[in-house]
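Take a look at the structure set out below.
Values reported hereafter were calculated over all heavy atoms of this structure, with side chains retained and with hydrogens, waters and symmetry mates removed. Start at 1 with the first residue, then count along the sequence. None of the values given here were measured: they were computed from a predicted structure.
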Amino acid sequence: MRPFPPNHELADLLLEVSQAEASQDWDLAACLLEEAQILVPDDHHLRIRAANAFWFSDQPHQALRLYQDAALRLYQDAALTAPQQAGPYLGIANALRDLNRFEEADQAFQLCRSLSDSPQAACNHASLLLGLERYDEAYRLAERRFEIAGYAHGRSSSPGLPGRGAALHVWSEQGLGDTLQYLRWLPLLHQRISGSGIRLVLEVEASLVTLVQQAFSGLDPEPEVLPLGESPGPLPQGATGLGLLSLPDRLGGGPHPEGLPEQGSYLRPSAWNQRSAWEGGVRIGITWASGRKGDSAFQWREYHKRSLDRANLDRLTQGLLNLGCSLVLIQQGADREALGPLAARFDDAIDPQGDFAHTAAVIQTTDLILSVDTSVAHLSGALGHPTWVLLPWSADPRWLRGRSDSPWYPSLQLFRQEDPGLWSSVVETVIQAVRQTFALKPTAESGLI
């Protein structure tokens, strides 16, 4: 490999790249890094850095091209200098997954892990296997997340159950959506320990405590539900612990755990009543932005990939208003605060500081929820409520490929981008589907009749 040439142009370019990366401007970083490669075409690490920038900017085609080029060049060098490196193959696998080429991605993950079987690569591979519906294999492999330094604040899932009279602590591990999705295994766990004298203690995010208490109040004995702190410490002396995402590995994987009836909802207490259809017009709840869980490049990527931009939110809300729908704002956080004049289009809203029990109660007053891939989609699905989920072209593997339904939630219907990053056709399809489903006609005020 040639060293960098001593020219100021390259130094200036790399300084701009660092600034772009620091500000999460991955489009700019990718363009600048392509320019830098012209100056140092033999620098393979610079090529991988450019591929990473394209991947973070949700441009998997360009990322794949550069990862493959880097892998080929490093393979050629390996015969003379050093062993093959796993990094490019991890990038290839992730890009292929985003291109919905799951079978090829599986092969790339296997090759990557044959070179360096890191827990990060294993967890990425596990996520892909969910998309291939190889659930048992996926959940077994996902247990390697506990090998990642600092994961779960040092907690780990115990291999067995505690003795009689002892406590079994189950805690949520990742995003709110994951917690809501994997709570379906809690009744099965309760069945397994019933009569053993084991006390079930469930730790979830504070915003979920009341919802979970209400949803599982029918279990006997009821689990103790506690708020999970931002930096939870070790478990109490003598306690046995299980991460919530370990339950499918211990109890059986798949959307419908063996031993539990297939049902449309598993979080709705019997005391909740769904609103009567068509009463007072069609009432539609909208969540347009994914959760902002942190500032990492991956989290930035997922937020921007999954969320509706302002122009398409404008089209969606106006299109539904033209049909005479009543809109309910099901959104919290910075995206709600930045809504501006569009806020006037909503007739009702969840409490901006409300918890998930409050949000669930509001959802039950609607005829339909429209949501991007975020916790509200999981909440509404777990309630068995009619929900349409707007998905990016490279959706999370859990939503599978090419399907408009989800085995995880029977009440969900999926609307997918036809091209990466383009929401306009999804929005138009959703508006027309609302019109047909509810037999609506444009109002006189809309000017469309």
Would D136 and R140 satisfy salt bridge (Lys or Arg N to Asp or Glu O under 4.0 Å), going step by step from the backbone distance to the final call?
CA-CA 6 Å; D136 290 341; R140 169 50 53 188; over 6 Å; no

If I take atom [atom1] from residue [X] and atom [atom2] from residue [Y], how far apart are they, to the nearest 0.5 angstrom?
X: S411; Y: D405; atom1: OG; atom2: CG; result: 11.5 Å
X: T387; Y: H378; atom1: OG1; atom2: NE2; result: 11.0 Å
X: K305; Y: L391; atom1: NZ; atom2: CG; result: 10.0 Å
X: C325; Y: I286; atom1: SG; atom2: CD1; result: 8.5 Å
X: F109; Y: L141; atom1: CZ; atom2: CG; result: 10.0 Å
X: Q331; Y: E337; atom1: CD; atom2: CD; result: 10.5 Å

Taking the side chain from [X] and the backbone from [Y], do they hold a donor-acceptor pair closer than 3.5 Å?
X: R184; Y: H256; answer: no
X: S380; Y: V376; answer: no
X: S196; Y: I193; answer: yes
X: S404; Y: Q413; answer: no
X: S157; Y: G243; answer: yes
X: R310; Y: L339; answer: yes
X: S307; Y: S290; answer: yes
X: S127; Y: N124; answer: no
X: E16; Y: A29; answer: no
X: E173; Y: L245; answer: yes

Got a salt bridge between [X] and [Y], using NZ or NE/NH1/NH2 to carboxylate O under 4.0 Å?
X: E143; Y: R145; result: yes
X: E34; Y: R65; result: yes
X: R47; Y: D43; result: no
X: R306; Y: D58; result: no
X: R315; Y: E428; result: no

Report yes if some heavy atom in the side chain of [X] is under 4.5 Å from a heavy atom in the side chain of [Y]; otherwise report no.
X: Y89; Y: S114; answer: no
X: N312; Y: V427; answer: yes
X: D106; Y: L129; answer: yes
X: S172; Y: E203; answer: no
X: V209; Y: D355; answer: no
X: L208; Y: T179; answer: yes
X: S156; Y: Y151; answer: no
X: T210; Y: H358; answer: no

Shortest non-hydrogen contact between [X] and [Y], atoms and distance:
X: G160; Y: T240; value: O-CG2, 3.5 Å
X: R144; Y: C123; value: C-SG, 4.2 Å
X: A167; Y: P162; value: O-CG, 3.8 Å
X: L46; Y: Q37; value: CD2-N, 4.1 Å
X: P60; Y: D98; value: CB-CB, 3.9 Å
X: A51; Y: L66; value: CB-CB, 3.6 Å

In terms of side-chain heavy atoms, does [X] have a donor or acceptor partner in [Y] at a distance below 3.5 Å?
X: Q62; Y: Q59; result: yes
X: Q191; Y: S194; result: no
X: Y303; Y: D335; result: yes
X: Q417; Y: S425; result: no

What verdict does the side chain to side chain contact (heavy atoms under 4.5 Å, CB included) test give for R336 and I330, after you've listed the backbone C-alpha separation in whole Å, the side-chain angles of each residue and the deciding distance to 0.1 Å?
CA-CA 9 Å; R336 174 174 177 156; I330 314 288; over 6 Å; no

W185/Y182 aromatic ring centres below 6.0 Å
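Between Y182 and W185, which both carry aromatic rings, the centre distance is below 6.0 Å.
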
Between H61 and F54, does the ring centroid distance fall short of 6.0 Å?
no

May I ask you to check if R301 and W55 form a cation-pi contact, with NZ or CZ under 6.0 angstrom from the six-membered ring centre and within 45° of the axis?
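Cation-pi check for R301 and W55: passes.
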
Mark yes or no: R155 above the aromatic ring of W171, with NZ or CZ under 6.0 Å from the six-membered ring centre and no more than 45 degrees from the axis.
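Yes, a cation-pi geometry.
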
Would you please test L329 and D348 for side chain to side chain contact (heavy atoms under 4.5 Å, CB included) and show each step?
CA-CA 6 Å; L329 194 157; D348 197 0; over 6 Å; no

Let me see the working for W399 and D373 under side chain to side chain donor-acceptor pair (under 3.5 Å), right down to the final yes or no.
CA-CA 10 Å; W399 303 118; D373 184 6; 3.1 Å; yes

Only residue of D367, T366, T365 satisfying side-chain hydrogen bond (donor to acceptor under 3.5 Å, both in side chains) with R283 is T365

Verify ring pair (Phe, Tyr, Trp, His ring centres under 6.0 Å) between H304 and W423, making sure each step is shown before the conclusion.
CA-CA 12 Å; H304 284 276; W423 285 114; over 10 Å; no

Pair V434-W388, side chain to side chain contact (heavy atoms under 4.5 Å, CB included): steps then yes or no:
CA-CA 10 Å; V434 168; W388 295 356; 3.4 Å; yes

Counting only heavy atoms not in E103 (residues, nucleotides, ligands), do more than 12 fall under 6.0 Å from its CD?
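Correct, the count exceeds 12.
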
Check against side chain to side chain contact (heavy atoms under 4.5 Å, CB included), Q24 and Q299
CA-CA 10 Å; Q24 304 278 26; Q299 291 163 334; over 6 Å; no

Apply side chain to side chain donor-acceptor pair (under 3.5 Å) to the pair E21 and S18, showing each step before the final yes or no.
CA-CA 5 Å; E21 291 172 336; S18 296; 4.7 Å; no

Pair N52-Y67, side chain to side chain donor-acceptor pair (under 3.5 Å): steps then yes or no:
CA-CA 8 Å; N52 290 340; Y67 283 131; 2.4 Å; yes

